[in-house]
Amino acid sequence: MLSLENIINGIHTWLNNTFDPTLALTCEFVLLGITAIAIFAVLGLVLVLMERKVAAIMQIRKGPNRVGPFGMFQTVADTLKLIMKEGLTPDGADKVLFNLAPFIVMIAAMLLLAPIPFAKGVQMWDINIGVLFISAVSSISVIGILMAGWASNNKYSLLGAMRSGAQIVSYELSAGLSVITIVILTGSLQLSEIVNAQQNGWWIFKGHIPVLISFVTFIIAVTAETNRAPFDLAEAESELTAGFHTEYSGMKFALFFLAEYINIFIACAIGATLFLGGWMPFHIGNWEGFNAIMDYIPSSIWFVGKTFFLIFLMMWFRWTFPRLRVDQLLNLEWKYLLPISMLNLLVVTVMAIMGWYF
Amino acid sequence: MNTSDILFYCISAFILGTGVLAVTTGKIFRSAISLLFSLMGIAALYFWMALEFIAAVQIVIYVGGIVVLIIFSIFLTQKSGEEMPKPPLSKIWFSFFSVLVGFIFTYYLIHQYGFGNGGEQPFELKIADIGNQMLSLTGKGYILPFEVISILLLAALIGAIVVAMKIKNKSE
Amino acid sequence: MFITNYIKEIFNGVKSLLTGMRITGYYFVHPKEIITEQYPDNRATLKMANRFRGEVVMIHNENNEHACTGCSACELACPNGTIKIINKFDINAEGKKKKAIDTFVYHLELCTMCNLCVIACPTDTIKMDQTFEHSVFDRSQLTKVLNRPGSKIKAGVE
């Protein structure tokens with residue numbers, strides 16, 4: 001059967017048979033880099049269009065519908081426009097840091113792509129500390145945002161960057177705590193093992209109420225960490241024009257914009273991997289026939305489907321809820337999410353020890 | 001010299017270069033960013049040694065925690081964007097002297113003891129082993145420091161919650 | 001109790017969030033609700049809302065007659081000098097001089113569509129029309145004369 005795993009293994013063996021190992025490894029690195037960039041470009045185009053369409057339909061509008069059928073090439077046109085635009089650097093800006101910041105944000109997003117299992121056997125780097133690696137690297141992007149805000153020499157940018165920093169630092173706590181519940185249940189930080197542990201059922205079903213609670217806190221926390229509405233205080237356009245990327249234009253702005261969507265994708269992919277079983281198909285107990293049909297669907301489709309379901313959920317949040325005030329934002333984290341997730345962690349630990357899950 | 005050695009020297013040069021930039025630049029924010037890159041280079045060195053756990057912890061604590069706090073405090077100070085005045089000559093001499101002493105001391109230690117040979121076998125590190133070692137009572141276990149740090153962190157978290165949950169006085 | 005209040009607060013919060021999400025979710029799965037008018041495409045069938053005001057026009061009947069007596073009530077009512085009435089004196093059948101309208105000058109570029117002139121008109125001769133495609137290359141083209149050439153006042157209107 002033709003699957004992604006077989007194709008990748010085929011390329012790997014062919015390269016190793018044709019060239020010597022070092023050259024083959026270099027070739028694989030180059031191929032991986034190209035794949036990562038291609039994934040980025042395609043994801044950026046698809047997600048921006050999806051966001052605009054979802055937003056439009058939820059607001060009883062039509063959305064982009066002029067460029068191509070159903071406006072499918074709208075984002076391509078937008079990208080072309082952004083490439084043509086001049087990338088301005090303001091006079092009073094710290095030029096080096098100003099130009100460096102978008103790349104930091106982008107590189108952090110790219111690094112996060114490495115440990116995600118996209119399909120059965122398709123994983124760039126099956127690192128043994130997967131979950132920890134993700135929470136470590138995702139904290140680099142906040143540096144890029146702070147850098148952009150400071151280097152722009154603009155008060156809006158600085159305020160936006162500071163808000164974003166405070167927000168990300170505080171919401172990382174509850175995101176981490178809700179991820180730890182799954183780590184406790186699985187007993188491993190490795191993402192491939194977490195997926196394999198969900199062979200006989202996804203954690204959200206196996207772990208019932210406590211895992212459901214941690215799933216909800218995880219979704220809220222990553223929505224805040226990716227600076228999306230209703231937590232988009234960092235770029236609150238009605239207060240701070242565009243927050244930390246006010247001064248950016250052209251391709252440098254596009255990098256920030258792209259990184260935002262890539263971060264959403266990664267956050268949702270991690271959510272899908274931890275709670276919804278990654279590429280594991282949906283199985284119900286002993287229904288052999290049903291399970292066989294589910295197995296027939298390729299694992300990559302399962303992964304992409306779950307991830308896009310979570311992305312849709314985040315878009316649904318964005319176009320339903322109004323933006324929070326700064327004090328409300330911090331109240332939500334410190335008064336509600338953190339105590340709940342700490343208590344939940346305790347409950348999950350007891351559950352894992354007593355074996356009260358399916 | 002193989003690829004691995006070349007990588008090592010590249011990472012080391014990066015660490016040293018950004019470290020020198022951190023102390024010589026005139027702008028405080030740039031200095032913090034250089035420090036950040038230097039710390040990330042150290043994390044890269046851990047990755048090079050295939051010690052992923054320590055590398056990730058290095059990034060979480062230093063890059064995600066400490067440097068962000070430093071940058072925050074820089075944001076909150078005035079005149080953070082201005083060039084700092086040149087230090088007086090005596091200060092330059094003094095720092096040069098202390099750097100020299102530190103360098104000689106380190107060099108002396110390395111010269112005397114040398115680097116231990118880690119052996120040819122690649123170093124396998126399981127996360128479960130780290131966890132067991134942290135919680136073991138015997139065989140150089142780290143249960144006491146681990147628990148002390150846990151209690152400290154828990155106290156900090158609960159303290160933060162208590163501060164946040166403080167019920168406002170109705171009369172105010 | 002503090003704890004029961006806390007739990008109740010969480011419960012109510014989640015419930016109100018879900019209420020909001022239900023409404024947007026309803027619109028998402030019912031694309032028929034879309035109210036977007038794709039304007040240049042549906043020009044032929046475009047129906048404006050009743051209260052929409054596009055410009056002031058003068059009502060003429062099939063005999064090219066209007067009801068304007070030239071009383072200038074609309075000119076006085078206009079808050080920003082959009083309307084200028086120029087009168088002349090007709091000589092009627094009995095040889096008497098009678099005030100009548102010569103030109104009803106309407107500056108569309110100044111008009112705010114406030115509808116005050118229509119309310120002020122004692123003979124209901126002007127009304128708000130729903131046309132809105134007013135773009136021209138020269139602003140002088142926006143100065144219009146509302147009474148048609150050769151039109152005269154309807155018989156019996158004083």
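Sequence lines set the chain letters: A, B, ... in the order given, protein chains first and strands last, and positions in each chain run from 1.
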Take atom [atom1] of [X] as the centre, draw a 6.0 Å sphere, and report whether it contains more than 12 heavy atoms from other residues, nucleotides or ligands.
| X | atom1 | answer |
| --- | --- | --- |
| C/F132 | CZ | yes |
| C/I119 | CD1 | yes |
| A/F309 | CZ | no |
| C/N50 | CG | no |

* **Residue part contacting chain C, namely of A/P322, when any heavy atom lies under 4.5 Å** =>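 No part of it gets close to chain C.
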* Engaged part of A/F321 at the chain C interface, taking heavy atoms whose separation is under 4.5 Å ->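 For A/F321, the side chain is the part near chain C, not the backbone.
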* To do: Determine yes or no for a side-chain-to-main-chain donor-acceptor pair under 3.5 angstrom, with C/Y6 supplying the side chain and A/K335 the backbone.
  =>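 Answer holds: yes.
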* To do: Step by step, work out the side chain to side chain contact (heavy atoms under 4.5 Å, CB included) result for C/Y27 and A/I57.
  => CA-CA 7 Å; C/Y27 285 136; A/I57 298 172; 5.9 Å; no
* Asked: Quick one: which residues of residues 211-222 of chain A reach chain C at under 4.5 angstrom, heavy atoms only?
  ->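 The stretch does not come within 4.5 Å of chain C.
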* **From NZ (A/K53) to CZ (C/F28), nearest 0.5 Å** =>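 It comes to 10.5 Å.
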* Name, in order of residue number, those residues of residues 7-25 of chain C that have a heavy atom at a distance of less than 4.5 Å from a heavy atom in chain A; otherwise write 'none'. =>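 At a heavy-atom separation under 4.5 Å, chain A is reached by C/E9, C/I10, C/L17, C/G20, C/M21, C/T24, C/G25.
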* Nearest heavy-atom neighbours spanning A/R66 and C/D41 ->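 Heavy atoms only, the tightest pair is NH2-OD2, 3.1 Å.
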